[in-house]
Amino acid sequence: MRKTQSIIALLISILVLSFGTSMAATPREGATLSIAIKSVGTLDPHLTADHFDFAVLSQIFNTLVRTGKDSTPIPDLAQSWENLDDTTWVFHLRPGVYWHDDNAVFPKGESRQVVADDVKYSLERVLDPETKSPFAGALSSIASIEVIDELTIKLVTKGPDPFFLDAIRLAGIAIVPKEAIEQLGPSGFSRQPIGSGPFKIVRFVPDDQVALQRNDDYWKKPLLSGVTFKIIPDDVVAVMALEAGDVQLSLSVPPSEVDRLRQDKRIRLYRSTQGWYRGLGFNVEASPFNEWEVRKALAMATDISGAVMNVFGDNAIRAYGQVGPGLVGYDPTLEDIWPYDPDGALDLLTKAGFTPGPDGILQRDGEKLTVEIKTMNEPARIKIVTIMVTQMRKLGIDAKIAIQEVGTWVADLQGGNTGLFMDFAYSGPTGLQAMFHSSNTGISNVHFYKNSEVDALLDQGSVTIDPEARAVVWKKAQRLLMEDVVVIPLYFEFGYTASDSRLNDFVPQQWNLNLVSEENNVWLSR
Amino acid sequence: MGRYIVRRLLAMIPLLLGISFIVFALLNILPGDPVSIMLSSNPHITPDANTIAQLQAQYGLDKPLFTQYLIFLGNLFKGDMGTSMYTQQPVLTAIWERMPATAELAIAALIISVVIAIPVGVISAVRQYSWIDHLCLIGTLIGVSMPSFWLGLLLMLGFSLKLRWLPLSGMGYFSNGVGDVLRHLIMPAFTLGFGMAALLARLTRSSMLEVLGQDFVRTARAKGLSERAVIYRHALRNGLIPIFTVLGVQFGYLLGGSVIVETIFSWPGIGRLAVNSIMNRDLPMVQGTVLVFTLLFILVNLGVDILYAAIDPRIQYD
């Protein structure tokens with residue numbers, strides 16, 4: 001009897017298991033996916049630097065290369081590519097990729113193939129100052145563009161450029177058809193863009209929605225029949241829209257909603273693999289921050305790890321350098337190079353000549369030690385800075401927080417109207433170069449830091465193709481910067497994306513939204 | 001009357017010029033330049049000095065301020081308000097596209113506020129110091145002091161998330177039927193109209209109280225007219241005149257778009273356009289929206305003044 005029971009149980013469980021797996025394994029075709037997005041400005045890829053625009057653009061357009069699941073380049077319009085030498089790149093285009101038809105430029109059934117000339121045209125359009133593309137600088141390393149044949153193109157860079165593949169895979173360097181730009185004009189094209197991607201435009205109602213439908217002729221047939229980006233400027237409302245079932249994917253989830261969403265079984269949360277760099281920067285030319293002792297003392301004065309833990313829990317990890325875990329140049333040995341040590345901080349300040357005044361505030365030659373931390377208006381950053389300011393005040397430092405509107409904050413940082421400030425977030429492969437190279441002073445190097453040794457290392461890093469050799473150079477540069485206390489790294493903040501749990505084959509990425517790529521094809525189960 | 005209107009319209013020209021100059025000057029005093037803000041929005045692009053200088057030259061930002069203003073004025077006289085630096089759309093097109101959404105919300109909010117405010121105001125005036133007057137007083141106090149984003153979120157939680165009666169956000173389209181438009185409209189219009197209703201109700205009450213104490217009301221009552229006729233035919237018509245002015249001004253404001261309600265309800269109106277362009281220092285777009293606001297505001301007020309004469313024969317313009 002018991003034997004029969006166990007056999008029946010076994011049969012049932014096999015049945016359930018096989019049913020379950022077959023449910024998950026049979027992708028359903030034809031659903032429309034609604035996505036909550038914060039804003040959509042323009043749909044001309046060459047005219048925007050906004051990553052929300054990129055999310056839409058990467059559905060309509062192809063780039064030569066796309067960013068894959070683990071942030072590595074995967075084929076897109078280019079099926080393969082090779083390096084003939086350190087400066088020569090040859091891209092072999094995928095045959096049979098056609099421009100979207102059934103529009104003002106290509107009538108139904110009268111589209112044409114995407115060819116190497118289109119790639120040449122697109123890159124030249126980005127580089128042309130008349131276009132006003134924010135990416136002209138990113139492509140400035142290109143020395144020549146040569147069409148070898150219909151489906152082969154050769155790009156030569158001015159020197160070895162290890163970031164070249166990173167640049168051309170940004171959605172802002174999408175491949176566009178010349179006749180569409182000419183016929184529709186830049187402003188018409190930015191509303192009714194014609195691309196070669198998995199989805200084509202149906203309508204774009206500014207500040208309301210962008211509706212896309214499946215490109216049936218795509219080289220990998222999308223499982224979704226359409227995608228609607230609903231523009232919801234408020235993050236909390238976007239989360240509510242997900243809970244109400246109005247959308248099935250929300251691209252920006254505020255940290256305050258994360259814990260609540262975790263409890264909801266109908267919702268799946270995705271944490272970004274790499275966090276955004278957040279740190280404080282010094283203007284090393286402004287007194288008293290031009291003194292190394294003062295900078296070092298401030299770096300040691302507050303319990304940063306505790307503050308990060310308190311504000312973010314596991315939504316962020318402590319940063320000890322500007323390059324995060326998982327990236328070339330990450331250096332774990334920088335951990336606690338300046339540990340939390342308020343007594344040590346006070347000693348350093350005393351050595352620098354600061355003594356407590358009658359009001360308990362540290363002063364030197366009658367001048368108070370005033371530290372005003374400028375930050376843009378963002379709740380989490382304000383919380384962290386507030387904790388730090390409170391701890392600094394306990395030590396007798398006249399610390400305060402200045403909350404600024406973004407435009408003012410950028411202007412103050414670039415104009416050097418700062419002392420200690422919430423820094424820019426330039427990250428990724430070129431972040432160090434941007435933030436610390438003397439050639440970028442007043443633009444992205446808002447520390448006004450000039451160190452020829454660091455410059456030389458960064459220059460070397462930016463032409464070293466081999467990742468391991470590059471990592472060594474970058475680690476050296478980073479150590480110098482940390483020892484010099486140009487910045488106080490705080491944390492890497494993870495971004496969250498949330499979806500309906502019925503969404504399948506979706507891999508969130510910080511800078512990309514791949515719904516249909518060589519690696520995946522998103523679908524929605526019933 | 002005709003001459004009066006022409007005079008008012010002519011007076012608009014120096015006013016608009018003055019406003020455009022003030023906005024231009026203010027935006028240039030404001031720290032932050034549009035190119036840097038645009039580039040700093042993407043940590044993957046390292047802005048280099050060349051790119052920034054090139055973009056600034058392309059947008060004409062490298063020219064002296066006064067030259068920039070003259071170029072702007074020259075284009076304006078040709079009917080060209082320029083193109084947005086951020087979306088590359090012609091400014092007028094962008095404003096024109098958002099006008100219907102804003103007008104729809106403004107008119108709906110106005111109707112809701114009038115429908116609530118007038119009866120509430122009249123009842124509390126007629127039954128002064130009664131419990132119903134006190135109740136209305138409390139209601140209007142709540143209405144005036146409740147922040148609209150809070151009311152909006154509360155309505156969304158209740159009617160969209162819990163009851164699932166109404167769509168959470170966005171605008172409806174006539175192509176999907178009138179029902180779709182109304183279902184999307186009701187919550188934002190109520191949120192916007194409620195605060196205004198409270199203000200209007202207080203005004204109606206005081207205006208009615210004043211009128212009810214006047215001689216002609218006593219005469220009407222002495223004639224033996226029913227109380228209903230006294231209140232609605234005689235008192236209300238007179239009491240409404242000052243309310244009309246406030247309604248005109250409020251409607252002018254509403255046409256400028258309500259940033260908070262538009263943001264909460266993802267309403268594609270002109271308020272969001274204006275604020276986003278200020279944030280991005282999108283100079284042509286800010287100029288354009290402010291000029292259009294000013295123009296609308298003046299026109300609405302002119303309309304109210306003209307209507308005045310129609311309602312109250314004692315008022316005459318020459």
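Every chain is numbered from 1, with letters handed out A, B, ... down the list of sequences.
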Can you tell which part of [X] gets under 4.5 Å to a heavy atom of chain B, answering side chain, backbone, both or neither?
| X | value |
| --- | --- |
| A:Thr408 | both |
| A:Gln209 | side chain |
| A:Val40 | neither |

Test item: [X] and [Y] side chains (from C-beta on) under 4.5 Å apart, heavy atoms:
| X | Y | result |
| --- | --- | --- |
| A:Glu405 | B:Met279 | yes |
| A:Lys230 | B:Ser266 | no |
| B:Leu153 | A:Met240 | yes |
| B:Arg98 | A:Asp207 | yes |

Practice task
Using modelled atom types only, decide if a donor and an acceptor are shared between the side chain of B:Gln89 and the backbone of A:Ser187 within a distance under 3.5 Å.
Solution key: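 A pair under 3.5 Å: yes.
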Practice task
Could you please state which residues from residues 69-78 of chain B sit under 4.5 angstrom from chain A, measuring non-hydrogen atom to non-hydrogen atom, sorted by number, or 'none'?
Solution key: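 Residues qualifying by a heavy atom under 4.5 Å from chain A are absent, so none.
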Problem - Residue-level interface, residues 170-192 of chain B with chain A, non-hydrogen cut-off under 4.5 Å - result: B:Gly170, B:Met171, B:Tyr173
Practice task
Sort out for me which residue in A:Pro206, A:Ser39, A:Pro233 forms a side-chain contact (heavy atoms from CB on, under 4.5 Å) with B:Arg272.
Solution key: A:Pro233
Problem - salt bridge (charged side-chain N to carboxylate O under 4.0 Å, His left out) between A:Glu243 and B:Lys162, intermediate numbers included - result: CA-CA 10 Å; A:Glu243 291 175 292; B:Lys162 294 277 176 260; over 6 Å; no
Completion exercise
Counting heavy-atom pairs under 4.5 angstrom with chain B, the leader among A:Asp208, A:Asp234, A:Leu43, A:Thr42 is A:Asp208
Exercise for the section: Using a cut-off of under 4.5 Å on heavy-atom pairs, state which of A:Pro129, A:Ala411, A:Pro186 scores highest against chain B. Expected result: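 Looking at each option in turn, the highest pair count goes to A:Pro129.
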Problem - From CG (A:Leu242) to CG (B:Leu168), nearest 0.5 Å - result: 10.5 Å
Handout entry: Enclosure of A:Leu127 CG (heavy-atom neighbours >12, cutoff 6.0 Å)
Key = yes
